[in-house]
Amino acid sequence: MPRTCENENCSNPLKGRVDRKFCSVYCKTDYHYQKRKESGKEYFKKTVDDQLRLNRRILRDYNLAGKTTVRKTELLNKEFNPRFITHWWKNQEGDTYLFCYDQGFKEVKDNDKQKYLLIQWQDYMNRQVF
Ligand SMILES: [Zn+2]
């Protein structure tokens, strides 16, 4: 069976060395460009969307009561990533809470331990403008 160019948009028959994968330099460059584009989409989908959802799920699981504190390391061990947030909210005291959808968190120190104070989004937060 004759081997063909591995660029799906081409499929020209290959001649020459057996380890050749592409009929031309163009096909080789184009192939790798397409692959990078595809994996780039994959990366974006996985890290942003999935991480936000995972963050929200972790926060909700720890915050069934609506307000609580939890060890920072405990959340990080569950692959919580505080760099991925949907928005933030500042209360009247100037404390900023970071949110993943309806679940919010803020870093606090308690007996020299790093903790997160967890809260849930409330309707009145929409009405405050700073
Ligand atoms: Zn080709």
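- Here the CD1 atom belonging to I58 is positioned 4.0 Å from the CG atom belonging to L54, to the nearest 0.5 angstrom.
- Contact of the C100 side chain with the F84 side chain is not registered, since no non-hydrogen atoms from C-beta on lie closer than 4.5 Å.
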Requested in this report: Under the salt bridge (charged side-chain N to carboxylate O under 4.0 Å, His left out) rule, what do R57 and D61 come out as? Steps first, then yes or no, please.
Outcome: CA-CA 6 Å; R57 201 165 64 231; D61 287 350; 5.3 Å; no

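- Using a 4.5 Å heavy-atom cutoff, the side chains of T69 and L118 are not in contact.
- Under the 30°/60° scheme for interplanar angles, the aromatic rings of F99 and H87 are found to lie parallel.
- At least one side-chain heavy atom of L52 sits under 4.5 Å from a side-chain heavy atom of T86.
- Looking at E107 and K72, their side chains come closer than 4.5 Å, going by heavy atoms from C-beta outward.
- A donor-acceptor contact shorter than 3.5 Å links the side chain of R20 to the backbone of K15.
- Considering all non-hydrogen atoms of both residues, L14 and C23 come closest at CD2-N, 3.4 Å.
- A 4.5 Å side-chain heavy-atom check between K109 and K115 finds every atom pair outside the cut-off.
- A side-chain donor-acceptor contact under 3.5 Å links N55 to the backbone of N81.
- With respect to the salt-bridge test (charged N to carboxylate O, under 4.0 angstrom), the residues K90 and D95 do not qualify.
- Residues L98 and P82 form no side-chain contact, since every pair of their non-hydrogen atoms from C-beta on lies 4.5 Å or further apart.
- To the nearest 0.5 Å, atoms CG (N7) and OH (Y33) are separated by 13.0 Å.
- Note that the CD atom of E6 and the OG1 atom of T4 stand 8.0 Å from one another [nearest 0.5 Å].
- Judged purely by atom type and a 3.5 angstrom limit, Q51 uses its side chain to pair as donor or acceptor with the backbone of E79.
- Looking at every heavy atom in both residues, R53 comes nearest to Y101 through N-CE1, 4.2 Å.
- With hydrogens and angles ignored, the 3.5 Å screen pairs no side-chain donor or acceptor of D110 with any backbone N or O of K113.
- Taking the six-membered ring for Trp, F105 and Y97 have ring centres at least 6.0 Å apart.
- Not a single donor-acceptor pair under 3.5 Å links the side chain of R71 to the backbone N or O of T73.
- Between Q103 and W121 the shortest side-chain heavy-atom distance does not fall below 4.5 Å.
- Residues Y62 and E74 have side chains that bring a donor and an acceptor to within less than 3.5 angstrom of each other.
- The side-chain heavy atoms of L59 and F80, taken from C-beta on, include a pair separated by under 4.5 Å.
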